[in-house]
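Just so it is clear, the model here is predicted, and its values are computed rather than measured.
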Amino acid sequence: MRRSLFAQDHEDFRLLVRDFIAREVTPAYEDWRRAGLVPRELFTALGALGIIGTAVPESYGGGGQDDYRFNVVIQEECARAIVTLGGLRTHLDVVVPYFTSLANAEQRARWFPGLASGELYTAIAMSEPGTGSDLAGIATRAVRDGEDYVLNGAKTFITGGHHADLVIVVARTATDPDDRRAGLSLLVVEKGMPGFTVGRRLEKIGLTAQDTVELSFDDVRVPAANLLGEVGAAFSHLGRNLAQERLAIAVGAVAQTRAAIDLTVCYVRDRTVFGRPLSHFQNTKFELAAMAAELEAAQCLLDAAVTAHVAGELSPVDAAKTKLFCTETQGRTVDRCLQLHGGYGYVVESPIARLYADARVTRIYGGTSEVMKTIISKSLGL
């Protein structure tokens, strides 16, 4: 399918990213998977090439290109190489937009140069042990005390939390019994603040090179100057960025679906069964033909959503539709691809096994498929 999403600048950027992945990521990726995280130096290396700071204004050393299509290119090239850098996606697609849209002049001067260079790596702490998708149920509290907020609570499932220099923490700064969404604020907690502890890394089915940790806050004194956006307005701030977060998950889902199909086409051509290539069997042809058609449908939906997002026109409902369709397509496709690999597909060292394990979470994080259906059904007046 011919795509019209990208301009020449994006394709030039693609070659830069592809070369970096081939040189710096692919040779070491298996070691990173075994270690359970990528090295912190990866992000400074990305910064040195200008890959990580594209959205940061030029006046702070960034690329000055607030164009989400550059982020799309990064995910597509990672999927092409069958590597998953979830911490990088979270940093660029989820966290950095909060800084670029909400930081005041003082905060920009303090943090933006490091965001552009890769010297500052970020995470966001929303989920708690008892809340999951129910952000209105957040219990982590921050009480104003002079020029500081005193922060107490715990977070879990935090991508990138092991290395993060700055963590945006969603905390309750006021209580309104009539509106659970009110009274939440965003506080930027810095690595090394007394009482801030990075807990254990959680072992996951997939995304094994992506650190996912627990965080705890015990009387952490966070300067009021680290309040991001307006006090009590976190739910509104979070809502404005959720469309991009969900879109980013869909981007990865479609790119990894394409990688799974490409991998499987190569496999069935080489694999001999009952004296002839597996690709010669009608079932193989029909399965891959159906998957290819579903992939193109997902790609069209996704590219339309990315185009709308770049124009500032992507609605939360359309983002939910895109995430739902693309991640469900990914789940079905990768499962069918693994089936065509037979027993070899179930071996952990097989690339299709890695894609299969990594795919499962896309229907969970960023809002489950059930949450997406709830959002869509509300738009239908149900």
Going from SG on Cys78 to CG on Leu88, what distance comes out if it is rounded to the nearest 0.5 angstrom? 6.5 Å
Taking the basic N atoms (NZ, or NE/NH1/NH2) and the acidic carboxylate oxygens, is any pair closer than 4.0 Å for Glu214 and Lys155? no
Count the heavy atoms of every other residue, nucleotide or ligand shown that sit under 6.0 Å from CD of Glu349, and state whether that count exceeds 12. no
Heavy-atom nearest pair, Ser379 first then Val317, reads OG-CG1, 3.6 Å
Do Leu314 and Ile375 sit in one hydrophobic cluster, given that two such residues count as connected whenever their side-chain heavy atoms are within less than 4.5 Å of each other, even indirectly? no
Are side-chain heavy atoms of Tyr344 and Ser350 found at a separation under 4.5 Å? no
Salt bridge or not between Arg40 and Asp165? Use side-chain N to carboxylate O under 4.0 Å. yes
With a 6.0 Å cut-off (strictly less than), is the heavy-atom count around NZ of Lys378, excluding the residue itself, greater than 12? no
Is there a donor-acceptor pair closer than 3.5 Å between any side-chain N or O of Asn226 and the backbone N or O of Leu187? no
For Glu147, look at atom CD and say whether over 12 heavy atoms of other residues, nucleotides or ligands are found less than 6.0 Å away. no
When you measure from the centre of the six-membered ring of Tyr149, is the NZ or CZ of Arg221 closer than 6.0 Å and no more than 45° off the axis? no
Is it the case that over 12 heavy atoms from other parts of the model lie below 6.0 angstrom from the CG atom of Leu382? yes
Okay, side chain of Asn104, backbone of Glu106: is any donor-acceptor separation there less than 3.5 Å? yes
Passes ring-ring contact (aromatic ring centres under 6.0 Å, His included), Tyr98 versus His237? Steps please. CA-CA 8 Å; Tyr98 287 109; His237 296 328; 8.1 Å; no
Strictly below 4.0 Å, N to O, side chains only: are Arg110 and Glu190 in salt-bridge contact? yes
To the nearest 0.5 Å, what is the distance between CZ on Phe325 and CG on Leu302? 11.0 Å
Taking the side chain from Arg80 and the backbone from Ile82, do they hold a donor-acceptor pair closer than 3.5 Å? no
Arg332 vs Met291, side chain to side chain contact (heavy atoms under 4.5 Å, CB included): CA-CA, chis, key distance, verdict: CA-CA 9 Å; Arg332 290 192 301 272; Met291 286 187 268; over 6 Å; no
With a distance cut-off below 6.0 Å to the six-membered ring centre and an angular limit of 45° from the axis, does Arg276 pair with Phe281 as a cation-pi contact? yes
Parallel, tilted or perpendicular: which one describes the rings of His91 and Phe43, with boundaries at 30° and 60°? tilted
Counting C-beta onward and ignoring hydrogens, is there a side-chain heavy-atom pair between Lys321 and Met372 closer than 4.5 Å? no
Distance from Asp67 atom CG to Phe6 atom CZ, nearest 0.5 Å? 9.5 Å
If every non-hydrogen atom of Ala250 is compared with every non-hydrogen atom of Lys323, which pair is closest and at what distance? CB-CA, 4.1 Å
If we count only N and O atoms by modelled type, under 3.5 Å, do the side chains of Glu128 and Thr140 hold a donor and an acceptor together? yes
Donor-acceptor side-chain pairing of Thr84 and Gln210 below 3.5 angstrom: no
Are Glu30 and Arg354 close enough for a salt bridge, meaning some N to O gap below 4.0 Å? yes
In the single-linkage hydrophobic clustering (I, L, V, M, F, W, Y; side-chain heavy atoms under 4.5 Å), do Ile364 and Tyr356 co-cluster? no
List the steps and the verdict of side chain to side chain donor-acceptor pair (under 3.5 Å) for Lys285 and Ser279. CA-CA 6 Å; Lys285 295 176 181 180; Ser279 60; over 6 Å; no
Taking every heavy atom of Gly161 against every heavy atom of Val198, the minimum-distance pair comes out as O-CG2, 3.8 Å
Verdict with reasoning, Val169 to Leu186, per side chain to side chain contact (heavy atoms under 4.5 Å, CB included): CA-CA 6 Å; Val169 178; Leu186 304 179; over 6 Å; no
So, Arg172 side chain and Ile138 main chain: donor-acceptor pair closer than 3.5 Å or not? yes
Quick test of your reading of the model: are Glu294 and Arg336 salt-bridged, counting only N-O distances below 4.0 Å? yes
Short side-chain donor-acceptor distance under 3.5 Å, Asn241 and Glu245: no
What's the shortest heavy-atom distance between Gly252 and Gln75, and which atoms? CA-OE1, 3.2 Å
Would you please say whether a donor-acceptor pair under 3.5 Å links the side chains of Thr327 and Thr362? no
Side chains of Leu207 and Tyr365 in contact at under 4.5 Å (non-hydrogen atoms): yes
Spell out, as yes or no, whether a donor-acceptor pair under 3.5 Å connects the side chain of Thr374 to the backbone of Glu370. yes
Quick check for you: to the nearest 0.5 Å, what is the distance between Trp32 atom CH2 and Thr208 atom OG1? 12.5 Å
Under the 3.5 angstrom rule, does the side chain of Thr272 hit a backbone N or O of Gly275 as a donor-acceptor pair? no
Using modelled atom types only, decide if a donor and an acceptor are shared between the side chain of Thr173 and the backbone of Gly183 within a distance under 3.5 Å. yes
Can you confirm whether Tyr68 is buried at OH, in the sense that more than 12 heavy atoms of other residues, nucleotides or ligands lie under 6.0 Å from that atom? yes
Backbone of Leu227 reached by a side-chain donor or acceptor of Gln107 within 3.5 Å: yes
Any donor-acceptor N or O pair under 3.5 Å, side chains Asp12, Gln8: yes
A quick test of your reading: do over 12 heavy atoms of other residues, nucleotides or ligands sit less than 6.0 Å from CD of Glu296? yes
Which residues satisfy the ring pair (Phe, Tyr, Trp, His ring centres under 6.0 Å) test with His341, sequence neighbours excluded? Tyr267
Taking Asn152 for its side chain and Asp219 for its backbone only, find out whether a donor-acceptor pair lies under 3.5 Å. yes
Ignoring hydrogens and geometry, is there a side-chain-to-backbone donor-acceptor pair from Arg363 to Gly331 under 3.5 Å? no
Looking only at heavy atoms, the pair that brings Ala305 and Leu247 closest together is CB-CD1, 3.8 Å
Minimum heavy-atom separation for Arg89 and Ala248, please, with both atom names. NH1-CB, 3.9 Å
